[in-house]
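As a basis for the values below, the full set of heavy atoms in this structure was taken, side chains included, without hydrogen atoms, waters or symmetry mates.
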Amino acid sequence: MTEKQLRRCEWVTPPNLGWLLHSLGDKEIDYLWNCIDNKKEECYKDKLAGNISSSYVLEDENDWFFNKTLHPLIKVYAHEFKNLGEDSPIINDHPYVLKNWWVNFQKQHDFNPPHHHSGVYSFVIWLKIPVEFDDQNKDNITNSPVRSAFQIHYQNILGELDTYNYELGKNYEGKMLFFPSKLRHEVFPFYNCEDDRISISGNICIDETREL
């Protein structure tokens, strides 16, 4: 195609939803570790889809993390994509609330099959990743190496199922994915390591008991 022909072309990208990758600050990370140290004895594993060694309920004291981190990210998402809460079948305006969140301790061979969450928005935070993606997959003879990966599932414009991989290693410690709760995703296992992979997940819902 000639340069003259290219000038007559218009690139059209239809609007679509996405997700946010956010780097947490030191104060936020310290707060999260403190929440883990003071985690509730209530086991959350039976409420999850995954094969995970242990999960425990966390408490956001005085809504510190919601106000400091999550609520601003809701606004960023609305600006970059849309306010997903507007699609909820409710009449009055209600605020968002951190409905539940929990910490996962995953050992080698643990995995989380394709699933989605409840609520409007969800998130995952990686605090400790004991392995490197490249080391995990160096002897993995496949066209799609996924050991120790976090994978997002979505449909492209042709309706075909596609995936987006996060190749997890220590460079993702302290990072957070913020995404629509209905977005399907899965977590692949890691191997040959006795340390835990520690992550936090949670769901943000609309609080219908309060009005704005």
On a heavy-atom basis, which atom in [X] and which in [Y] lie closest, and how many Å separate them?
{"X": "Ile74", "Y": "Phe178", "answer": "CG1-CZ, 3.7 Å"}
{"X": "Cys35", "Y": "Leu58", "answer": "O-CD2, 3.6 Å"}
{"X": "Ser181", "Y": "Ser122", "answer": "OG-OG, 2.8 Å"}
{"X": "Phe123", "Y": "Asn203", "answer": "CE2-N, 4.3 Å"}

Open item on the list: Parallel, tilted or perpendicular, judged at 30° and 60°: which one describes the rings of Tyr31 and Phe65?
Closed with: parallel
Any [X] side-chain heavy atom under 4.5 Å of [Y] side chain:
{"X": "Asp110", "Y": "Pro189", "result": "no"}
{"X": "Ser53", "Y": "Phe105", "result": "no"}
{"X": "Lys107", "Y": "Asp196", "result": "yes"}
{"X": "Ile36", "Y": "Ile198", "result": "yes"}
{"X": "Leu73", "Y": "Leu20", "result": "yes"}
{"X": "Tyr154", "Y": "Leu161", "result": "no"}
{"X": "Trp126", "Y": "Phe150", "result": "yes"}
{"X": "His22", "Y": "Val76", "result": "no"}

Task: Worked check of side-chain contact (heavy atoms from CB on, under 4.5 Å) between Tyr56 and Glu42 - done: CA-CA 6 Å; Tyr56 298 95; Glu42 180 184 351; over 6 Å; no
Task: Output field: ring centroids Phe190/Phe188 closer than 6.0 Å - done: no
Open item on the list: With a 6.0 Å cut-off on the ring centroids, do His185 and Phe179 count as close?
Closed with: yes
Hey, what do you get for [atom1] ([X]) to [atom2] ([Y]), rounding to the nearest 0.5 Å?
{"X": "Asn112", "Y": "Ser199", "atom1": "CG", "atom2": "OG", "result": "8.5 Å"}
{"X": "Glu132", "Y": "Ser148", "atom1": "CD", "atom2": "OG", "result": "8.5 Å"}
{"X": "Leu177", "Y": "Leu183", "atom1": "CG", "atom2": "CG", "result": "9.5 Å"}

TODO: Check each of Trp19, Tyr96, Phe81, Phe66 against Tyr121 using the ring pair (Phe, Tyr, Trp, His ring centres under 6.0 Å) test, and report the only one that passes.
DONE: Tyr96
Open item on the list: Test side-chain contact (heavy atoms from CB on, under 4.5 Å) on Asn100 and Val57; report intermediate values, then the result.
Closed with: CA-CA 8 Å; Asn100 44 36; Val57 174; over 6 Å; no
Task: Lys170 NZ: over 12 foreign heavy atoms closer than 6.0 Å - done: yes
Task: Cationic N near anionic O, under 4.0 Å, Lys82 to Glu86 - done: no
Open item on the list: Strictly below 4.0 Å, N to O, side chains only: are Asp60 and Lys68 in salt-bridge contact?
Closed with: no
Task: Transitive ILVMFWY side-chain link Leu168 to Tyr164, under 4.5 Å - done: yes
Task: Check: Arg184 side chain, His116 main-chain N or O, donor-acceptor pair, under 3.5 Å - done: no
Task: Side chain His115, main chain Pro113, donor-acceptor under 3.5 Å - done: yes
Open item on the list: For Glu173, run the side-chain contact (heavy atoms from CB on, under 4.5 Å) check against Leu24, Leu127, Ile129 and tell me which one passes.
Closed with: Ile129
Task: Audit row: Lys182, Leu84, side-chain contact (heavy atoms from CB on, under 4.5 Å) steps and yes/no - done: CA-CA 11 Å; Lys182 293 180 181 179; Leu84 297 181; over 6 Å; no
TODO: Report yes or no: do Glu186 and His153 form a side-chain donor-acceptor pair below 3.5 Å?
DONE: yes
Open item on the list: When you compare the side chains of Asp207 and His94, does any donor N or O come within less than 3.5 Å of an acceptor on the partner?
Closed with: no
Open item on the list: Just to verify, which of Thr142, Asn192, Asp139 counts as forming a side chain to side chain donor-acceptor pair (under 3.5 Å) with Arg147?
Closed with: Asp139
TODO: Just jot down the ring pair (Phe, Tyr, Trp, His ring centres under 6.0 Å) partners of Phe133, sequence neighbours excluded, or say none.
DONE: none
- [ ] Report the C-alpha distance between Glu28 and Trp33 in whole Å, list the side-chain angles of each, state the deciding distance to 0.1 Å, and finish with yes or no for side-chain contact (heavy atoms from CB on, under 4.5 Å).
- [x] CA-CA 9 Å; Glu28 292 164 304; Trp33 280 117; over 6 Å; no
Open item on the list: Between Gln155 and Glu160, is the side-chain hydrogen bond (donor to acceptor under 3.5 Å, both in side chains) condition met? List the steps.
Closed with: CA-CA 5 Å; Gln155 285 186 325; Glu160 300 166 333; over 6 Å; no
